[in-house]
Amino acid sequence: MRLDRLLANSGLGTRSQVRGKITHGNVSVNGTVITDVSFHVDNDDTIMVDGEQINCQTKLYYLFDKPDGVLTAMEDKRLPCVADYIPSELRSKKLSPVGRLDYHTSGLLIITNDGELSHRLQSPKYEIPKKYLATFKGLAWTESEISTIASGFTIRDKGFAEQIAPAELIPDGEPVNGTGRAFLILHEGKTHEVRRIFAHFDKEVTELRRIELGPVKINEDLDDCGSLRPLSEDERIQLLKAAGLD
Ligand code: URA
């Protein structure tokens, strides 16, 4: 990670304040004064600022492939939850999932302690696309339904009206014996949004899996369900970039 980002993440000031400290020669890495703000530092480097060793609150980024039947929560007394998949050595790192997948949705969850990234990935302002693969019961999608979804529309439920932002529906072939598959790309994250969009068009989602979040992708199949791994350097950089944090 860049030295200026790590110091800013550690609460030592804004990015421009910590850059000032670095360029003025107040920061050393492993005993050598570093004045290059973009100098690359690793987790085990010893970093001193104004003669004091800093406690690096290093930001961590993981990709979790949530299985169906797991709660998107860091604690639950009754049900299996995301925390059950986090190894004990990471428990003190203040990790939490970005956004929420339903209990019966599987797939891609970013788990991080980078609060700013988490906020931006969930904010409609940054329009980070989220791609889902749904198995549903119902008739084939019509061109008219697909274009209604592409333009955005209103769901009315029990007297409430909710605007659904334009999204992209891509059928995966035709339904067979009343069961079909389709991809849906959303740019916002309303509660149960995929299921509610399908229901609006008389289709019942029977399985749902998130397979992409911005530039990060996982397998469509369920082979890696339950796995937790750090984002690769490239995935991390692309994700931060998509959220305007490069
Ligand atoms: N939309 C849903 O309906 N459920 C999810 O888990 C995510 C998006």
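Atoms within a ligand are numbered from 1 in the order they appear, just like the ligands themselves.
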Can you find an N or O of Arg195 that's nearer than 3.5 Å to an N or O of ligand 1? yes
Any non-hydrogen side-chain atom of Ser96 less than 4.5 Å from a side-chain atom of Asn113?
no
Atom 1 (N) of ligand 1 sits nearest the protein heavy atom Val194 N, 3.1 Å
- Message: Test your reading of the structure: does Tyr132 have an N or O sitting under 3.5 Å from an N or O of ligand 1?
- Response: no
Does any N or O of ligand 1 fall below 3.5 Å from an N or O anywhere on His192, backbone included?
yes
dist Ile237:CD1 -> Met1:CE (nearest 0.5 Å) comes out at 10.5 Å
Counting heavy atoms under 4.0 Å, the part of Asp102 that contacts ligand 1 is both
Paired with Arg209, the side chain to side chain donor-acceptor pair (under 3.5 Å) test is passed by just one of Asp221, Asp65, Thr135, namely Asp65
Phe183 ring center near Tyr132 ring center (under 6.0 Å) = no
Sequence neighbours excluded, the answer for salt bridge (Lys or Arg N to Asp or Glu O under 4.0 Å) partners of Glu220 is Arg181
For Thr105, the atoms of ligand 1 under 4.0 Å from one of its heavy atoms are 4 (N), 5 (C), 6 (O)
Quick look: Leu208 vs ligand 1, heavy-atom contacts under 4.0 Å, and the answer is side chain
With sequence neighbours left out, the residues meeting side-chain contact (heavy atoms from CB on, under 4.5 Å) with Pro171 are Trp141, Ile146, Leu169
